[in-house]
Structure formats: structure tokens, C-alpha cells
2 protein chains.
Amino acid sequence: MSGDPKQILILGGGFAGVYTARYLEKLLRPGEASITLINRENYWVYQPMLPDIISGSIGLTNVVSPIRRLCPRTNLIMREVRDINLKDQIVTISPGFRPRHLQLKYDYLVIALGSITNFHGMPGMMENAMPFRTLADAMVLRNHLIHVLEEADVEGNPELRRQLLTFVVGGGGFSGVEVMAELNDFVRSVKKNYLRLRDEPHRCVIVQAGDRILPEMSEPLAVFAQRILRQRGIEIILNDRLKAAMSERAILQSGAEIFCKTLISTVPSALPPIVQNLDCPKERGKLLVNRGLELKDHEGKVWALGDCAAIKTMAGATVPPTAQHAIREATTAAINIAAAVRGGRRAKFEFEGLGTLGSVGHGAAVAQIFGLKLSGFHAWLLWRGIYLMKMPGLNRKVRIATDWLLHALFPPELAQTKVAFESGIRKQHFEPGDIIFQQGDLGDSVYVIEEGQCEALREHNGKQELLASLDRGAYFGEMALLSNRTRNATIRACTAMDVLIIPKIDFDKLRQSVPAFGNVFNELAKQRGVTEAPH
Amino acid sequence: MSGDPKQILILGGGFAGVYTARYLEKLLRPGEASITLINRENYWVYQPMLPDIISGSIGLTNVVSPIRRLCPRTNLIMREVRDINLKDQIVTISPGFRPRHLQLKYDYLVIALGSITNFHGMPGMMENAMPFRTLADAMVLRNHLIHVLEEADVEGNPELRRQLLTFVVGGGGFSGVEVMAELNDFVRSVKKNYLRLRDEPHRCVIVQAGDRILPEMSEPLAVFAQRILRQRGIEIILNDRLKAAMSERAILQSGAEIFCKTLISTVPSALPPIVQNLDCPKERGKLLVNRGLELKDHEGKVWALGDCAAIKTMAGATVPPTAQHAIREATTAAINIAAAVRGGRRAKFEFEGLGTLGSVGHGAAVAQIFGLKLSGFHAWLLWRGIYLMKMPGLNRKVRIATDWLLHALFPPELAQTKVAFESGIRKQHFEPGDIIFQQGDLGDSVYVIEEGQCEALREHNGKQELLASLDRGAYFGEMALLSNRTRNATIRACTAMDVLIIPKIDFDKLRQSVPAFGNVFNELAKQRGVTEAPH
């Protein structure tokens, strides 16, 4: 062993990664090894409380904890992992302010990169469905809900108002149920602040593939949860699933359609590309490890844990992606890394789980713990108590308890904390018959057809005439932008369509700076009979 | 008078607008008039406490208050004002989810649109200087500070680390001083959580045009404030001002340059375009009103108040843009609107101000109230006490007091609550000699020269050779993107330059969907001797 301390590199700052660092700080003396953790954010998210962000019953920064304070002796690098080279023991990190990659050499590596949301093969989901996994997801959802309520309050058309007040969650596991329960509580309690929405009903729908919700629990508890949710006005659609999403509606496998502006999907989970691309033995895409959580063919050097690893319980079942399991995996990995650094006893992962717990809205929960089954208010108090205890650090515990107290005393927060309005060049999906824009609308973007066909229609003397059919590669929408007038035609999709949307602000910048780009649209507008408006 | 209630329309949700709505709700019975308020956000910002967001001593949503709760009988519309037609008494509002304008007819109009930040004529400020006016500004600044600290902790080059740890504020009025005091407190207290920054000094600089800071106060208090700030390690540069800003440095009028990644400007204030375009009598751009705050030529119909109106004190001085004045203006306007609706007494604005108060960091403030002058810890307690009392609603008061208590007990928050990483097509300014990118950097964007000249240089066998000079309208940076390699040349500005930056993600989408756009760059790359990388 050389005089230099060994380099331990941990990839990922979820339960698995952060707890590995915490245990290693306890097991190893400062001179024995240097610990570095790479995470995209500088905080660790307390996943079980993430849904509380929606109603604001816990403040934004109180469901997260700064990694630097959780692991004070660990070097945190707030960047993304770009490449893992197992052969040369080098990890490449994304650039910071300066466009240079950073390369880190390791002696011991911990891969705990979790899972990501993947809407592959579900048309329009990427653009229109909201995931619920990260703190950013929770903030975006909360701001979106407030936006939808604000717009519903202004909307004069009752059908559109109903659509704005419809909320759909795909996935009836714990995550989906807790999100919907919180969303429903929040909408119900703040609706009274909207003069025109006070007496307007809102609609909440959970879509679940199985024949009951909460597959993680025993049937009687799941049935209890279903009853509570339905009492609180939440519809549950069973034996169906989300198939596609448009900007105005959700489409289910059964063919049913739900008109809504809010669609949350807690379902599809995939492995991060960096794990997918890793050349090593896998099981259904997940990294294959032994009982010591060492990566196959890299024993003693590389450990994999958390949602990206294929880990089995003693009984041979797949370990579920929960916090309690990740924490025990972290202990096992930390003991084995410490043993690799300086010898000593090794550990095997042999945790069977303590039980499951979940809230179904304010004042009600279901729990299955140490062989006991609980439901209702007692289960809810237990749920809060256990998760509060499990939150590391006195600071957070006090802050969360304070938040809960204030939330019980005062109405929920209603301020939209949005930093920037959405913009940028983006894609969108349309189904046959969808209206892309209406004659008379404001011209806010230009469109390019990437796939599919549409038609341009013009209302004239009360009759609708077909102006043109547009095909893959065609542009439309430039006329209103170039002439600064409203849309002079309606565009309707004939087939399923994928389009690229270029907002006015980007269109104008590009047109000015890249003449070849501007000419494409100037020519087109000339052919279509519009002269450019004076600047 | 017809049976329909009169329509009162209030534009703007700052102190002036929100307090007008609150007083009108007290003065008028529900049937007498319908009150509508238009504001871009659904919350009102308690400006005096906005700097507290930086250190997190008050939680994000506690320095704001939902307008719907402050004015429960007012219709809030969370949109932007696009046009005011005084002749036909119609206000046009920006579109919501659907691209349609909304038009509102009014009987009585209140214009309280405040002021905006305007960096016109200051090169590079728009792109590189951060304003500090809105909640979004405060959130962006806080997240930026955390980002800079994270990057400084990773940075190996001491010079670049020093630059990352340099913070400049332009403007030494209350706003600038309070922002810098909070920033300094925050950086000092969280630096100890960064293993490599603990013993690293950071630099804070205030640049002020006058010969002392705090022109709002008497000289002895300002001198006291200067002493406190300097004791706390803040440099104060007097008789100078910000002239331009690059992404790597601030340039002062005197020619001095400060290398920094954080530049905040609290100075330049302008009227919103909608007020600028309004065809009515003005005084230095501001709307001309009488003592009853009625807009000239529109008496009895339109009132203007807050920062966008030219209001005089009894003594003939210009009313300063403070909360205490805006609140009294709102009272005057509300009384006069109520009188217009149903007759009764009218009011004149004749408030002379109660004094000024400002914090210069944790535990120190300066105050000048009712003829008394106070400084130090007592003034700071007074500052907190007065502003807490003035915050409307028990809910907020309890929450802010709780935040202060927790902030005194526990270390400040350190989580970066950023939703999305910056991207999108944007402009940037460079000064002669600036490096736009370095040979060997990653290719993350394509550039178009809008103004100015630059040269491409290549390092070869230790020598730098000039490859080409590039002029207005030229493109560069496409080679690394098309070939997926690092930059094969360094680009250096020869003159002052404005460039359009197209990030890789947008470049790739456009190249795929608009062939004419892609061809421009493919041709160029071919001329410059690069073949496209396989996809």
C-alpha cells in the first residue's frame, strides 16, 4: 500500500450513495481513504416525503438535505457522470462553467445511479406527461397545478374549465397514490380562494394496470385504501393503463380518452444510459452483483447498489426499490469497501424488509409492519412518526415538525414559484383530428412536420375550405409570425404527427442571424401570399 | 347608473395595486363594483424582505403572499398586460394556454405597473448581470451562488477559483447594500461546508456612483454603514460605476476590471414598455397625475400610482419608490375611486414619509425614523420588528418569525432548488482580447457573429498560428459539433463582439428538420476540412 490514501468514488447521491458515504466516514479514518461522491444536485432527496411538496405541507428545501452536511468528510462534485471506464478505473464527469471534461481515477468504485423515467414507445408522453421522481419534478408539478387553477378561474368555456380541473395519475402503486392524494387535498383546499371555482367540481383519476391499487400491500389494505380514496372523490380506473398523451388529453390502452391538462405518470422506470452502456454482466439490464454487492468480474474493486443493481433477498426474491433496502445495501457495501482498504470482516446483504407504509391523504394511511396491518388515522400517525424519525439530522426533524404544525394551523401556500416561463425549441405529438392551431389564434411559433400529415383549413363565409395538405418536412405557421397577424387558417392533423415547434423568440433570432434559415420561410410566405410586415 | 356593478380594473400587483384592491374591498359593498387585478404572478412580493431569500433566513414562499388571500373579493387574472386603450376603455391581456388575447372593458382603471430593469446601453449587462427585483431574481441569484461555490470547490486553478469567489454588486443604495450584506453572510457561513474552500478568502465588492453609499440616508448613518460593511470584509468602491459586463469580468467606468462570475446590478430602472407607449401627458416618462392621483386628461376614470407615476410630496419633492409611499397612494386612490363610484368625500395625497430603515447584515442596521437616528443592533431589531408588523396577515407573521428563529438555531439551507439548466438560443457580448472558446474545449454550441470581428488561432508544436479572421455574419464552432470532437482552434475577439449562441441541442434539432439551415453548416465544415461524424 502506498502512502497516498486510496480513492473511493461513489456515483449517485440517492439513499444508496449517500448512506455508503456516511458509513464509510464512520468506518475509515481520514488518512485511510479519500471519499468522493458525484451527484447532479448538491442535495439528497428524502423520497418518502416528496409528495408533501405538492400541498406545501413541507417546505421546498425541507424534504432535501445538503449532501455536504450529511457527509462532511466526503468531497462532493455537483456534476453528471458521463463515462465509466472499468478497465482503466477512470470515471469521466461533465463540464462545469468551462467546457472541459473532468477525469477521476479510482481505486474503489460504488455505482448507485438509480433509475430514470423513460417514456419510450408511449407517443406524446415525453412532451405532455409529468414524471414524479425528483425535487424539480415536484416543483414543476406544484407550479403547474397553480397555473391550471389560475387559468380555470379565467376560462369562460365550461368544457375547457372542466378539462383544466381534471387531473390524471398513471400508476396506482405507492408513488401514484400518494401523489394523487396530496394533489386532491391541495386542489380541494385552495379552490375556495378562486372566486369562480369555489363551487366547481374537480376530477381526479388514478389509472392502474392491475385489478387493484397498491400491489406492494396485501389485498385487504389495498381495498381499504381504495375505499378511502373514493370517499375523498378520487376515481380509480383498474385494468387499464396510459398509452399516449396529447397536450389536451390522455389516451388509455382500452381506447378511453380523458380530457385533461394535467397528466402525471409514476410508472415507467429505466436504467440510466450510463448503466445501460456499461460493458459487464447484467440481469434484465441491471448490474449483476454477488452477496457482497460486488460487481461481477470486478470483485474487490467495484460495488453496485440501489435501483440500478440486480440484488436478491435471502429468499431469492428481487429486492424492491425502497429506502429501507438501499440503506442496508449501503451498510453492506461500506463494510466491504473498508475491508478492501484495510482488511477485516466482510458482510453479506441479507435484509428481508421491515414492511410497507403509505399515506392515502391527510389523516389516513395504510401500514403493514412486523406482521401487523394498520389502516386509518393511527397508521397515518405511525407513517409520519417513522419517516420523521428516519430523517437524518435534528435540523431537518425540527423544520419538518414545524412545517406540519404550521400546515395544520394555516391554509396551504398558494404562490407559484416559477423562475422562467417555458420556451425553447421543442417537439410535440398530435393524434389524427387534433387541432394544432385555430384560425384567429395569435401566431406564437413556427412548426416543422417531422412525421405525419396535416391539412390547412380556412373558414370563409361560414364554410370551411381545404387550402392545402402538408406532409413530412413541410413548414407551417410562418405566415402569422412574418406578418404579425393572427393565424389565417386552422391546421388539423390527418394522421399521428410529430412536429418541431420553434417559438417566435427563437425564430426571430435565427432569421436575423442565419439568412439561409430566414429565406426558407420568406420564400414560403411569398408563395403562400403574405408580404412581410415592416419591422 | 345601470344595474350592472361598475368594473374597476387594477393593473399591477405590487404594494400600490394590491393595497388599492384591499382598501376598495373595505370601502365598497360587493354589489357596488366588481374589482379585477391583473398581475403576472399570483403573489405579492414583500420587497423589504426579498434579500432574506439569499441566505434562506426566510423561506422562499414566506416573503410573498398570495394575492387571492390578501384581496379575497378581487378577481385575480395571472397574465400580462399587453395594451391599454384609454379612449375605448379597454385593456388587452396576454394569452393563457390558448393563444387568444383577452380584452377587458373598464369603468375605472388603476395603473400601478411599477418599474422594470433596463440595461440598455450597457454592453453585456443583459447577458451577464443579474437584476434583483423579483422573487424569480432572488431564486436565480441564490441558485447561482450555490453553483459558483460548488464549482469553486472543484476548480484546481487558483486564479479561476478566486474569480468564482468574487461577488460584485453595482449600486450602493439600500437595495444593493442589503443584497451584498446578505450574500456576504451567506457565503461566509456556508463556505465551511466546502472541504476545499474553508480557508479560501472570498471577495465582495460594492460599486457606487456617488461619494458615499446609502444616498437615501444622512451622512453619519451612511458612514456608519460603510464602516460596518468594511469590518465585515466588503470592499466599497466609490465614485465609479458599472459600464459593461462579460461572462468572466465586470468593467467599470474608470477602466478598472474585476474578474468575477457573479455580478448583480440593482441600479438601472425604467418604465415598463406598456407605460412608455401610453399616449398621455408624462413627466420624465412617468405618468402625470394630480393630487388625487388621477391621470391628466382622464380624471375620474384613470388613476396612476406607484413607481410608474410622477407624484410629488407636499413640499414639491419627487416621491421615492418605497412601500410606505405606495401604501398611502393606494389609500388616496381607493377613496377617490369609491367617491367616483357612489359619491362622497375625495382625498389628496399628502404623505411626507416616516423615515428610512435598512439592514447592513445580520445583527446590524441603520434607521432614521421620526427624527431619530439609530444604528447597530438596536436598529436591526427595530428593522425586523417594524417589517414583521407591517407584513399583512397572522399566517405570514408567524411563519417569518419561525423562520428567523430556526435560522438562528441551525445553519442556513444549502440545497440548490434549480428546476432546469439554462439553455436556449441566446446572445453574448465579448470585449477585444476575450477568448470565446479554447482549442481542446468540448463543442457545446455554434456561434454567429452579429457584430464585430474575431480570429481563429491554432496551437501547433508549441506555436500559435492564425488560421482565419472572421467577420460580421460569419459562423464558427460548427466543426466540433459536426465531428463530435473537441475544439480544434481557439477563437479570440479582435473588437467588441456580439454573438448569437446556438446550443448543440437546438442546433441538432434544427439541422435535422430545416435542411437549409443544416446545409449552411455542412458546407462550411466541408470548406474548413471536416467530415461529418457518423450518427
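Keep in mind it's a predicted model, so treat the numbers as computed, not measured. First the proteins, then the strands, lettered A, B, ... as listed; each starts at 1.
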Sort out for me which of A/A516, A/P515, A/S513 touches chain B most, counting heavy-atom pairs under 4.5 Å.
-> A/S513
Intermediate values then yes/no, side-chain contact (heavy atoms from CB on, under 4.5 Å), B/R69 and A/V190 | CA-CA 10 Å; B/R69 298 230 174 90; A/V190 301; 4.1 Å; yes
Any idea which of A/L160, A/N62, A/L394 has the most non-hydrogen atom pairs under 4.5 angstrom with chain B?
-> A/L160
Answer whether the closest heavy-atom distance between the side chains of B/Y43 and A/L414 falls below 4.5 Å.
-> no
Would you call A/R79 and B/E150 a salt bridge, taking side-chain N to carboxylate O under 4.0 Å as the test?
-> no
So, the side chain of B/N193 versus the backbone of A/P72: is there a donor-acceptor pair under 3.5 Å, distance only?
-> no
Mind ranking A/G59, A/P411, A/G56 by heavy-atom pairs under 4.5 Å with chain B and telling me who comes out on top?
-> A/P411
Between A/Q416 and B/N42, a side-chain donor and acceptor under 3.5 Å | no
Mind running side-chain contact (heavy atoms from CB on, under 4.5 Å) on B/E155 and A/F97 for me, showing each step along the way?
-> CA-CA 10 Å; B/E155 183 59 64; A/F97 285 117; over 6 Å; no
Considering only heavy atoms and a distance below 4.5 Å, find which of A/V64, A/T486, A/L510, A/T74 pairs most often with chain B.
-> A/L510
Measure distances from A/L409 to the heavy atoms of chain B and classify the residue's part below 4.5 Å as side chain, backbone, both or neither.
-> neither
Carboxylate-amine/guanidinium contact A/R396 B/E413, below 4.0 Å = yes
Contact part of A/I502 toward chain B, heavy-atom cut-off under 4.5 Å: side chain, backbone, both or neither?
-> side chain
For B/I77 and A/V154, the nearest pair of non-hydrogen atoms, with its separation, is CG2-CG2, 3.9 Å
Would you give the length of the straight line joining atom CZ of B/R98 to atom CZ of A/F437, rounded to the nearest 0.5 angstrom?
-> 15.0 Å
Could you check which of A/Q438, A/K427, A/E450, A/R196 has the highest count of heavy-atom pairs closer than 4.5 Å to chain B?
-> A/R196
At a heavy-atom separation under 4.5 Å, does A/D153 approach chain B through its side chain, its backbone, both, or neither?
-> side chain
Looking only at A/V398, A/I449, A/V520, A/I146, the option with the highest number of non-hydrogen pairs under 4.5 Å against chain B is A/V398
Without swapping roles, check the side chain of A/K509 against the backbone of B/I425 for a donor-acceptor pair under 3.5 Å.
-> yes
Of the backbone (N, CA, C, O) and the side chain (C-beta and beyond), which part of A/T402 lies under 4.5 Å from a heavy atom of chain B, both, or neither?
-> side chain
